[in-house]
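The next block holds one structure in the form of structure tokens; read it before the comments.
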Amino acid sequence: MLVRLLYASRSAGPVTHEIIESILEQSRRHNPERGITGMLCYGGDVFMQVLEGGRDAVNRLYGDIVRDERHRDVVLLHYCEVPERRFANWTMGQVNLAKTNPSMLLKYSEKPVLDPYAVSGRASMALLEELIATAQLIGRAG
Ligand SMILES: Cc1cc2nc3c(=O)[nH]c(=O)nc-3n(C[C@H](O)[C@H](O)[C@H](O)COP(=O)(O)O)c2cc1C
């Protein structure tokens, strides 16, 4: 059984290239063997990540991620059983929102900044779907 989980968090410190690379390195190391796919979005000091895969695998990874000291204020935005994956091609895709068109953010929120704390989980999911549709996502092969 497949589930999709979406959460948001705030980085404990500045979001540097090194932090993103170390998270992606861990994702590439663990996600394929665990059957996890998804994407990691970041903008300002905010992370937003969608994880999909088997229920046990996703729940266990989310438990590890919540305890990770590189971020705080982890909020579950959306969780559901799904018939199929949306991010099947990505071990962990990444989107740097500083490099995307601000109108994409404005479409779903009051200001052109990533603020999943201020909008509904549905709006955040819609933003992610639009990012995939417009290919603003950088795939990272497993
Ligand atoms: C925002 C964020 C996203 C993360 N995403 C993943 C992920 O998709 N897969 C993963 O294995 N670890 C991810 N991690 C890292 C885990 O929290 C944890 O540090 C890691 O799985 C431990 O693996 P290791 O001890 O083998 O290095 C993420 C951490 C953060 C802060």
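Every heavy atom of this structure was used, including side-chain atoms; hydrogens, water molecules and symmetry mates were not. Quick caveat, the model's predicted, so the values are computed rather than measured. Just so you know, ligand 1 is whichever comes first in the structure, and atom 1 is the first atom listed for that ligand.
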**Asked** Can a donor-acceptor pair be found between the side chains of Tyr42 and Gln49 at a distance below 3.5 Å?
**Response** no

**Asked** Any chance the side chains of Arg28 and Thr91 put a donor and an acceptor closer than 3.5 Å?
**Response** no

Please tabulate, one line per pair, the protein nitrogen or oxygen atoms found under 3.5 angstrom from a nitrogen or oxygen of ligand 1, with distances to 0.1 Å, or say none if there are no such pairs.
from: ligand 1; atom 1: 5 (N); to: Gln49; atom 2: OE1; distance (Å): 3.4
from: ligand 1; atom 1: 5 (N); to: Gln49; atom 2: NE2; distance (Å): 3.0
from: ligand 1; atom 1: 8 (O); to: Ser27; atom 2: OG; distance (Å): 3.2
from: ligand 1; atom 1: 8 (O); to: Asn31; atom 2: ND2; distance (Å): 3.1
from: ligand 1; atom 1: 8 (O); to: Gln49; atom 2: NE2; distance (Å): 3.2
from: ligand 1; atom 1: 9 (N); to: Asn31; atom 2: OD1; distance (Å): 2.9
from: ligand 1; atom 1: 17 (O); to: Asp68; atom 2: OD2; distance (Å): 2.7
from: ligand 1; atom 1: 19 (O); to: Gln26; atom 2: NE2; distance (Å): 3.3
from: ligand 1; atom 1: 19 (O); to: Asp68; atom 2: OD2; distance (Å): 3.0
from: ligand 1; atom 1: 19 (O); to: Arg70; atom 2: NH2; distance (Å): 3.3
from: ligand 1; atom 1: 23 (O); to: His30; atom 2: NE2; distance (Å): 3.1
from: ligand 1; atom 1: 26 (O); to: Arg29; atom 2: NH1; distance (Å): 3.0
from: ligand 1; atom 1: 26 (O); to: His30; atom 2: NE2; distance (Å): 2.7
from: ligand 1; atom 1: 27 (O); to: Gln26; atom 2: NE2; distance (Å): 2.9
from: ligand 1; atom 1: 27 (O); to: Arg29; atom 2: NH2; distance (Å): 3.1

**Asked** Quick check: does any side chain N or O of Arg86 sit under 3.5 Å from a backbone N or O of Glu52, one acting as donor and the other as acceptor?
**Response** no

**Prompt:** When rounded to the nearest 0.5 angstrom, what is the spacing between CG in Leu114 and SG in Cys41?
**Reply:** 6.0 Å

**Item:** Pairing residues for Tyr108 by the ring-ring contact (aromatic ring centres under 6.0 Å, His included) criterion, not counting sequence neighbours
**Value:** none

**Asked** Is there a donor in the side chain of Ser22 and an acceptor in the side chain of Arg70, or the other way round, less than 3.5 Å apart?
**Response** yes

